[in-house]
2 protein chains.
Amino acid sequence: MEKKLTINDIARMAGVSRQTISRVLNNKPEVNEATRKQVLRIIEKHEFQPSLQARSMVTRKTNMIAVLLPDISNSFFAEIVRGIERTLRANKLHVFLMTSEEEIALENSFIQLAQNYNVDGMILCSPRLDEANLRKLIPRVSPVVLLNRDLDADGAACVVVDSLYGGYTATKYLIEKGHSKIGIILGPSRAYSNIQRLDGYKKALVEFGIPVEDDLIMHVEVDNKGVHKLTEQLVKKKVTAITAYNDLAAAYVIQACTDLNLKVPDDISVIGFDGSVISQFMNPALTTMSLPLFEMGQTIANTLVRMIKGDQPFERLTTIYPILKERNSTKSLS
Amino acid sequence: MEKKLTINDIARMAGVSRQTISRVLNNKPEVNEATRKQVLRIIEKHEFQPSLQARSMVTRKTNMIAVLLPDISNSFFAEIVRGIERTLRANKLHVFLMTSEEEIALENSFIQLAQNYNVDGMILCSPRLDEANLRKLIPRVSPVVLLNRDLDADGAACVVVDSLYGGYTATKYLIEKGHSKIGIILGPSRAYSNIQRLDGYKKALVEFGIPVEDDLIMHVEVDNKGVHKLTEQLVKKKVTAITAYNDLAAAYVIQACTDLNLKVPDDISVIGFDGSVISQFMNPALTTMSLPLFEMGQTIANTLVRMIKGDQPFERLTTIYPILKERNSTKSLS
DNA sequence: TTGTAGGCGTTATCAT
DNA sequence: ATGATAACGCCTACAA
């Protein structure tokens with residue numbers, strides 16, 4: 001690492017005090033034009049750039065935003081982060097990335113870490129922390145934007161997907177296609193979104209007078225590994241359609257069906273959730289409840305930026321509605 | 001944001017000097033056990049945690065690693081970052097994420113930014129910067145690990161995919177399946193890996209005495225949007241097989257073939273590159289040159305950690321060989 | 001074992 | 001318009 005020049009070095013070279021250098025760096029008006037030019041020349045000649053660390057010590061701003069999520073290789077989060085990063089960048093804010101791998105302890109310590117680094121704000125994607133802890137930690141890193149978590153707390157805003165609507169719409173769609181024996185595979189976490197999705201599923205069934213059968217409701221234990229087996233169980237129970245909690249899970253469902261010599265959608269209909277890139281390349285192309293992930297990322301970041309600026313209004317709660325994208329993995333029951 | 005306690009506050013409460021607090025925080029031995037316990041009690045009671053910023057000012061270490069890549073939503077990079085993050089985390093290092101969107105100007109300014117934040121090291125994924133600039137910037141953020149770029153510079157190590165081997169192996173595989181009219185679709189950038197891949201393609205053809213036809217060599221202009229059209233052109237030229245520069249591009253190739261009423265692999269064979277998640281769910285499942293992305297991320301981070309520690313040897317150049325994963329998108333020409 | 005003084009590189013405040 | 005001085009919160013070196 002090259003040894004870095006400091007503002008003092010520049011001051012010495014320019015024959016002025018470091019305060020003047022500071023003024024030039026910060027575009028303060030009260031500097032003689034001649035001096036300013038001279039200083040700028042020296043700064044450029046030596047490609048001097050001030051230490052943001054030192055600056056942060058006094059300004060109390062780091063321009064860093066901590067972004068905490070379970071898994072960056074999950075395209076759901078990756079696409080959201082793309083939206084976040086671009087929007088933050090446009091506001092001269094930068095991303096401190098933290099991955100919790102769904103571990104509560106890591107989530108906890110990462111939020112502390114964010115505080116210790118003195119970030120200007122934090123984005124929490126689907127935190128698993130319980131409400132009490134969340135309420136305790138939020139003030140330390142606020143402002144905070146939460147994804148998929150509705151918490152009414154000071155210094156926090158929320159962007160949530162309406163999973164109830166999603167689960168309801170997907171199920172209703174299948175019912176209207178003539179299905180009544182519909183299996184549902186829910187995600188590994190006890191997350192709110194899963195409960196919501198299940199509620200939506202039930203709501204649709206009830207609305208159409210179809211009995212809710214508990215043994216058609218499946219929960220994945222840890223990750224997608226279990227989907228294959230759950231699909232087998234559902235098939236044994238003669239379902240004619242399955243809704244999965246995300247597109248990748250739906251892909252595993254289809255794979256399992258193929259292994260069981262069932263054709264999708266002829267023998268069984270499958271519907272996913274997310275609308276990630278893989279959904280359109282699967283065969284058959286996946287019918288899914290699609291989410292505007294990139295735009296969600298932008299919304300999240302924009303909300304945070306407004307909170308930070310402090311002079312602009314922001315939505316305490318933004319609700320995102322998934323949109324049914326009908327493709328070829330679903331079919332009318334004839 | 002709650003107002004944060006400082007080391008001075010704790011010192012006052014404990015009735016000792018702040019230096020003693022510092023000693024306790026840093027586990028220095030020269031502290032009376034009674035004092036240490038007393039101080040620890042107060043620290044815990046108030047959940048005091050030192051400012052890492054202030055600490056960095058004097059220790060000259062931030063424990064932050066800048067990770068610069070073109071696009072986090074590209075599963076190729078996302079999976080690599082997952083490996084990087086986990087390994088860095090195990091070494092108490094953290095990720096400062098920067099996305100360049102393939103723009104050279106952004107790459108340039110992000111490297112500067114990394115310097116100004118005084119990061120402990122940097123990971124550059126497939127930088128587009130020319131060699132001169134790269135050589136100039138590396139010393140400012142070193143140690144640096146470069147992905148897919150072989151540059152022999154002080155303070156830099158490289159992890160590269162052997163694209164020549166990959167291109168060669170894929171092409172050879174197709175030739176041995178009886179294909180001789182083989183199209184190749186190369187990536188958008190003038191990146192080294194594309195040139196290498198083409199060289200491998202040519203090498204295989206030459207080895208088997210098959211003439212290299214320039215009009216079977218296609219370059220994507222900007223992104224995957226163009227793949228569809230290029231595929232049409234190749235089909236017009238009666239190719240029986242196409243190798244694509246990554247799995248997503250291969251997906252578009254297959255889509256284009258379907259649109260042209262060609263069946264894969266019966267009418268045309270397609271082979272991808274990367275072995276990303278989508279490849280196994282495509283229909284037909286994609287034959288591809290697969291890369292151990294997560295492990296590559298780990299290797300990259302591990303190399304950087306060794307460089308930072310300084311007392312451990314590290315590979316200046318690590319070469320990764322893609323592995324042929326034969327699935328159902330390729331077939332013998334009968 | 002503990003405390004004091006000084007400094008890391010900047011900006012803020014108050015003089016001049 | 002410019003400069004001197006004091007912070008920001010911590011650690012290092014030296015003194016007690």
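Numbers restart at 1 for each chain; the letters A, B, ... are given by sequence-line order, proteins then strands.
Listed by first and then second residue, the salt bridge (charged side-chain N to carboxylate O under 4.0 Å, His left out) pairs involving residues 31-44 of chain B are B/E33-B/R36 (not counting sequence neighbours). Legend: ring-ring contact (aromatic ring centres under 6.0 Å, His included) pairs involving residues 117-157 of chain A, not counting sequence neighbours, sorted by first then second residue: A/F96-A/Y117. Residue pairs meeting the salt bridge (charged side-chain N to carboxylate O under 4.0 Å, His left out) criterion with at least one member in residues 87-98 of chain A, sequence neighbours excluded, are A/E85-A/R89, A/R89-B/E101.
Rounded to whole Å, the distance from CZ on B/R60 to C1' on D/dC10 is 13 Å. Here the C1' atom of nucleotide C/dT10 and the CG atom of A/L25 are 10 Å apart, to the nearest Å. Rounded to an integer number of Å, the gap from CG of B/N26 to P of D/dA13 is 13 Å. For the pair A/R12 CZ and D/dT2 P, the interatomic distance rounds to 19 Å; values are reported in whole Å. Atoms CE (A/M57) and C1' (D/dC8) sit 4 Å apart, rounded to a whole Å. For the pair A/N8 CG and D/dA4 P, the interatomic distance rounds to 12 Å; values are reported in whole Å. Rounded to whole Å, the distance from OH on B/Y117 to C1' on C/dG9 is 15 Å. For the pair B/K4 NZ and D/dG9 C1', the computed distance is 9 Å after rounding to whole Å.
Taking the salt bridge (charged side-chain N to carboxylate O under 4.0 Å, His left out) definition, one finds that A/D152 meets it with A/R316, sequence neighbours left out. For A/E79, the salt bridge (charged side-chain N to carboxylate O under 4.0 Å, His left out) partners two or more places apart in sequence, or in a different chain, are A/R82. Residues satisfying the salt bridge (charged side-chain N to carboxylate O under 4.0 Å, His left out) criterion with A/R60, sequence neighbours excluded, are absent altogether. Looking at residues two or more places apart in sequence or on another chain, you find no salt bridge (charged side-chain N to carboxylate O under 4.0 Å, His left out) involving A/D311.
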query: Which is it for B/N148 and B/S193 under the side chain to side chain donor-acceptor pair (under 3.5 Å) test, yes or no, and what are the steps along the way?
result: CA-CA 7 Å; B/N148 271 349; B/S193 59; 4.9 Å; no
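Positionally, the nearest nucleotide of DNA chain C for B/V16 lies more toward the 5' end than for the other of A/K28 and B/V16.
Set against C/dT11, D/dG9, C/dG9, the side chain of A/A54 has C/dG9 as its closest nucleotide.
When the side-chain nitrogen and oxygen atoms of A/T59 are compared with OP1 and OP2 of C/dT11, none of them lie within a distance under 4.0 Å.
Scanning residues 29-46 of chain B for heavy-atom distances under 4.0 Å to DNA chain D yields an empty list.
The closest side-chain heavy-atom distance from B/L134 to B/L124 is below 4.5 Å.
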Under 3.5 Å, which N/O atoms of the protein pair with N/O atoms of nucleotides 4-7 of chain C?
{"from": "C/dG6", "atom 1": "O6", "to": "B/R18", "atom 2": "NH2", "distance (Å)": "3.0"}

